[in-house]
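See structure below.
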Amino acid sequence: MSTRTLVTGAAGFLGSHLVDRLLSKGHEVIGMDNFITGDRTNLDHISDPKFTLVEHDVTEEIRIEGPLDYILHFASPASPIDYLELPIQTLKVGSLGTHKTLGLAKAKNATYLLASTSEVYGDPLVHPQREDYWGNVNPIGPRGVYDEAKRFAEAMGVAYRRYHGVDVKIVRIFNTYGPRMRIRDGRAIPAFISQCLSDEPLTVFGKGDQTRSFCFVSDLVTGICKLLLSEHQGPVNIGNPAEMTILQLASTIKTLTESNSPIEYKDLPEDDPKVRQPDIGLAQSLLDWSPEVGLENGLAETIAYFRQKLA
Ligand code: NAD
Ligand code: UDP
């Protein structure tokens, strides 16, 4: 019998790429989503009979007939604009949704993988960020709804590991990009690409001297699959350590799209982290994983996707 896997958030950017990869490895995949920030069309290309899509809010009780080998919990708004608009839903999916999916993992004796985030480090005082750093998070700031939900989710996952013996793995994902991000989801890369392709000004927040490190989606999915199959549980950082300022990112995207759009400076959102770069030493040594796709190649593929979407 083939391996049977549940992916929550399957219609989202990362969830849909994970579904593709798991199907290509022969898994039977159940995708679950309530489409709050995801899009059904991200899964339209799949004709594999081993895939089923279930519309369900994972903060409500989840019922799945038959065995499950793996549960990958990826449901959650992820763009700062989304979680500012959906603060309660974000807190609920990180807390209640994590509880429900962990309960299911316990009942089915399934291996569980939680999509955590570099946001657990908040506005970091340690740079680059290693897994043993506890973070600097404002619980009552606008980003607190996401950061604290994910920190709670990690704590809940580790409690199920310790007290119920569930095989719980945690990946801390750093800024990841690629095809199937929503054009207007507000994150820097889709924002700048769609602005360049529509001859609109590039909205750089603050002075643009804050830094991020961007990972292409195929590299991330490979890292997650390696963690899933390893004996390690994490938390493990997965991301690309190539750090740059947001202004450098904007100018690279302008060059690659051959755009003449001007830069328009906007207010820096509250609690926007000043720096972010993963220390990936653990993923390199435990999982033998390193990112392989450079920024220009990853951006070229993403720009081609957005061109097609905007055509
Ligand atoms: P996304 O918004 O594209 O996908 C999230 C999906 O979860 C959507 O399809 C949405 O409809 C679904 N969802 C939300 N609440 C739900 C609920 N209650 N029940 C069922 N489905 C629900 O975002 P993404 O970028 O693909 O992120 C996926 C996961 O990875 C999230 O958990 C996010 O926190 C994590 N992550 C992403 C990044 C990144 O750079 N993309 C970085 C760190 C962490
Ligand atoms: N950013 C920006 N202009 C935009 C969108 C984002 O300057 O239109 C900045 C944002 O302030 C942050 C960085 O780009 O410093 C990355 O933002 P994103 O929303 O992609 O993810 P974050 O890392 O903040 O979760």
Side-chain angles (χ1 to χ4, degrees), residues 7-18 31-40 42-43 54-60 62 72-84 86 88-98 100-101 114-120 123 143 146-147 149-150 153 171-178 180-182 184-195 200-217 220 224 237-239 244-247 249-250 263-276 278:
V7 178
T8 75
F13 161 51
L14 295 182
S16 64
H17 284 281
L18 271 170
M32 188 167 279
D33 208 294
N34 67 350
F35 309 114
I36 195 170
T37 58
D39 189 342
R40 221 179 257 275
N42 284 335
L43 301 164
V54 179
E55 181 166 359
H56 184 69
D57 178 342
V58 298
T59 67
E60 307 287 342
I62 304 169
L72 284 71
H73 183 35
F74 276 69
S76 171
S79 150
I81 284 192
D82 288 339
Y83 57 75
L84 291 180
L86 303 165
I88 314 285
Q89 290 92 330
T90 302
L91 281 160
K92 282 178 72 178
V93 74
S95 54
L96 304 179
T98 301
K100 293 282 182 289
T101 48
L114 172 70
S116 186
T117 167
S118 52
E119 283 282 324
V120 300
D123 188 3
R143 300 174 84 100
Y146 181 68
D147 302 9
K150 290 290 186 180
V171 57
R172 292 189 180 146
I173 302 169
F174 283 64
N175 297 66
T176 300
Y177 70 98
R180 301 193 200 143
M181 293 184 98
R182 286 189 344 265
R184 301 277 166 193
D185 94 350
R187 287 180 271 194
I189 287 182
F192 295 158
I193 295 178
S194 55
Q195 288 159 351
E200 293 166 11
L202 279 80
T203 51
V204 169
F205 300 158
K207 296 195 190 103
D209 56 358
Q210 67 274 35
T211 69
R212 293 293 186 274
S213 312
F214 294 98
C215 182
F216 190 63
V217 60
L220 179 91
I224 287 170
N237 291 338
I238 300 280
M244 75 204 66
T245 68
I246 291 303
L247 207 49
L249 174 72
I263 304 262
E264 190 174 279
Y265 291 92
K266 301 262 193 188
D267 289 345
L268 189 66
E270 199 180 331
D271 295 338
D272 197 290
K274 285 178 258 326
V275 290
R276 183 179 292 155

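Numbers here are sequence positions counted from 1. Indexing begins at 1, ligand by ligand and atom by atom, following the structure's order. Note that these values count all heavy atoms, side chains included, but never hydrogens, waters or copies made by symmetry.
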_For Ile246, which part has a heavy atom under 4.0 Å from ligand 2: side chain, backbone, both, or neither?_
side chain

*Can you tell me which residue and heavy atom of the protein come closest to atom 42 (C) of ligand 1, and the distance to 0.1 Å?*
Ile173 CG2, 3.5 Å

*Would you mind reporting whether Val58 and Val93 have side-chain heavy atoms less than 4.5 Å apart?*
yes

*List for me each residue that meets ring-ring contact (aromatic ring centres under 6.0 Å, His included) alongside Phe216, sequence neighbours excluded, and say none if there are none.*
Tyr177

*Give yes if a backbone or side-chain nitrogen or oxygen of Asp272 is under 3.5 Å from a nitrogen or oxygen of ligand 2, and no if not.*
yes

*Using non-hydrogen atoms of the residue, decide whether Arg187 is closer than 4.0 angstrom to ligand 1.*
yes

*Give the contacting part of Tyr146 toward ligand 1: side chain, backbone, both or neither, where contact means a heavy-atom distance below 4.0 Å.*
side chain

*Does Ala11 come within less than 4.0 Å of ligand 1, judged by its heavy atoms?*
yes

_Donor-acceptor contact present, side-chain Thr117 to main-chain Arg172, <3.5 Å_ = no

*Subset of ligand 1 atoms that lie under 4.0 Å from at least one heavy atom of Ile36*: 10 (C), 11 (O), 13 (N), 14 (C), 15 (N)

*asked:* Under a 4.0 angstrom heavy-atom cut-off, which atoms of ligand 1 come close to Asn175?
replied: 40 (O)

*Mind checking whether Arg143 has an N or O less than 3.5 Å away from an N or O of ligand 2?*
yes

*Thr37 and Leu86, any side-chain heavy atoms less than 4.5 Å apart*: yes

*asked:* Under 4.0 Å, heavy-atom basis, I'd like to know which part of Lys274 is in contact with ligand 2: side chain, backbone, both or neither.
replied: neither

_So which atom in Ala188 and which in Leu249 form the shortest heavy-atom distance, rounded to 0.1 Å?_
CB-CD2, 4.0 Å

*Residue and atom name of the nearest protein heavy atom (relative to atom 2 (O) of ligand 1), distance in Å to one decimal*: Thr37 OG1, 2.7 Å

*Without swapping roles, check the side chain of Asp82 against the backbone of Asp185 for a donor-acceptor pair under 3.5 Å.*
no

*asked:* If the test is side chain to side chain contact (heavy atoms under 4.5 Å, CB included), which one of Asn175, Thr176, Leu18 qualifies with Leu220?
replied: Thr176

_Starting from atom 28 (C) of ligand 1, what is the nearest protein heavy atom, named by residue and atom, and what distance separates them?_
Phe74 O, 3.4 Å

*Taking only heavy atoms of Gly12 into account, list the atoms of ligand 1 that are under 4.0 Å away from them.*
3 (O), 4 (O), 8 (C), 9 (O)

*Specify side chain, backbone, both or neither for Lys266, according to which of its non-hydrogen atoms lie closer than 4.0 Å to ligand 2.*
neither

*Atom indices of ligand 1 within 4.0 angstrom of Asp57 heavy atoms, with elements*: 17 (C), 18 (N), 19 (N)

_Phe174 and Asn237, any side-chain heavy atoms less than 4.5 Å apart_ = yes

*Run the salt-bridge test on Asp57 and Lys100 with the 4.0 Å N-O cut-off and return the result as yes or no.*
no

_Using heavy atoms and a 4.0 Å limit, tell me yes or no: is Ala250 in contact with ligand 2?_
no

*With a 4.0 Å cut-off on heavy atoms, does His56 reach ligand 1?*
yes

*What protein heavy atom sits nearest atom 32 (O) of ligand 1, and how far off is it?*
Lys150 NZ, 2.8 Å

*Quick one: which ligand 2 atoms are inside 4.0 Å of a heavy atom on Glu119?*
25 (O)

*asked:* Heavy-atom pairs closer than 4.0 Å: do any link ligand 2 to the side chain of Gln210, the backbone, both, or neither?
replied: side chain

*Measure the shortest side-chain to side-chain distance between Ser79 and Arg182 over non-hydrogen atoms and say whether it is less than 4.5 angstrom.*
no

*Distance filter under 4.0 Å to Ala191 heavy atoms, resulting ligand 2 atoms*: 8 (O)

_Side chain, backbone, both or neither: which applies to Ser116 and ligand 1 if a contact is any heavy-atom pair less than 4.0 Å apart?_
backbone

*Give yes or no for whether the N/O distance cutoff of 3.5 Å, strictly under, is met between Tyr83 and ligand 2.*
no

*Do any nitrogen or oxygen atoms of Thr59 come within less than 3.5 Å of a nitrogen or oxygen of ligand 1?*
no

*For atom 19 (N) of ligand 1, which protein heavy atom lies nearest, and how many Å away is it?*
Val58 N, 3.0 Å

_Heavy-atom check, side chain of Ser118 versus side chain of Pro278, under 4.5 Å_ = no

_From the candidates Phe205, Tyr146, Tyr265, Phe174, the one that places a heavy atom nearest atom 2 (C) of ligand 2_ = Phe205

*asked:* Please find the pair of heavy atoms, one from Thr245 and one from Asp209, that lie closest to each other, and give the distance.
replied: CG2-O, 3.9 Å

*Is there at least one pair of N or O atoms, one from Ala188 and one from ligand 2, spaced under 3.5 Å apart?*
yes

*Starting from atom 22 (C) of ligand 1, locate the nearest protein heavy atom and write down its residue, its atom name and how far away it is, to 0.1 Å.*
Asn34 OD1, 3.0 Å

*Which one holds for Val93 and ligand 1: side chain close, backbone close, both close, or neither close, with close meaning a heavy atom under 4.0 Å?*
side chain

*Quick one: which ligand 1 atoms are inside 4.0 Å of a heavy atom on Ala78?*
23 (O), 24 (P), 25 (O), 27 (O), 33 (C)

_Are more than 12 heavy atoms, taken from residues, nucleotides or ligands other than Lys92, located less than 6.0 Å from that residue's NZ atom?_
no

*Nearest non-hydrogen atom to atom 4 (C) of ligand 2 belongs to which of Val204, Thr245, Thr203, Thr211?*
Thr203

*Which of the listed options, Ser79, Ser118, Pro269, Gly186, holds the heavy atom that is closest to atom 5 (C) of ligand 2?*
Gly186

*Run the contact test for Gln89 against ligand 1 with a 4.0 Å cut-off on heavy atoms, strictly below, and give the result.*
no

*Looking only at protein heavy atoms, identify the closest one to atom 16 (C) of ligand 2 and say how far it is in Å.*
Arg212 NE, 3.7 Å

*asked:* For the 3.5 Å polar cut-off, considering only N or O atoms, please tell me whether Pro80 and ligand 2 meet it.
replied: no

*What residue and atom, counting heavy atoms only, is the protein's closest point to atom 26 (O) of ligand 1, and at what distance?*
Leu14 N, 2.8 Å

*With a 4.5 Å heavy-atom cut-off, do Arg143 and Tyr83 have their side chains touching?*
yes

_Under 4.0 Å, heavy-atom basis, I'd like to know which part of Asn175 is in contact with ligand 2: side chain, backbone, both or neither._
side chain

*Glu119 CD to Asp271 CG distance, which is reported to the nearest 0.5 Å*: 9.5 Å

*Using a 4.0 Å heavy-atom threshold (strictly under), name the region of Phe13 that reaches ligand 1: side chain, backbone, both or neither.*
both

*Applying a 4.0 Å heavy-atom criterion (strictly less than), which segment of Lys92 is in contact with ligand 1: side chain, backbone, both, or neither?*
neither

*Would you mind reporting whether Ile263 and Leu247 have side-chain heavy atoms less than 4.5 Å apart?*
yes

*Would you mind running through ligand 1 and noting each atom that sits below 4.0 Å from a heavy atom of Gly38?*
8 (C), 9 (O), 10 (C), 11 (O)

_All ring-ring contact (aromatic ring centres under 6.0 Å, His included) counterparts of Phe13, not counting sequence neighbours_ = His17

*Under 4.0 Å from a heavy atom of Phe35: give me the atoms of ligand 1 that qualify, with their elements.*
11 (O)

_Protein residue, atom and distance nearest to atom 9 (O) of ligand 1, heavy-atom basis_ = Asp33 OD2, 2.6 Å

*Can you tell if the side chain of Tyr146 reaches within under 4.5 Å of the side chain of Ser76, non-hydrogen atoms only?*
yes

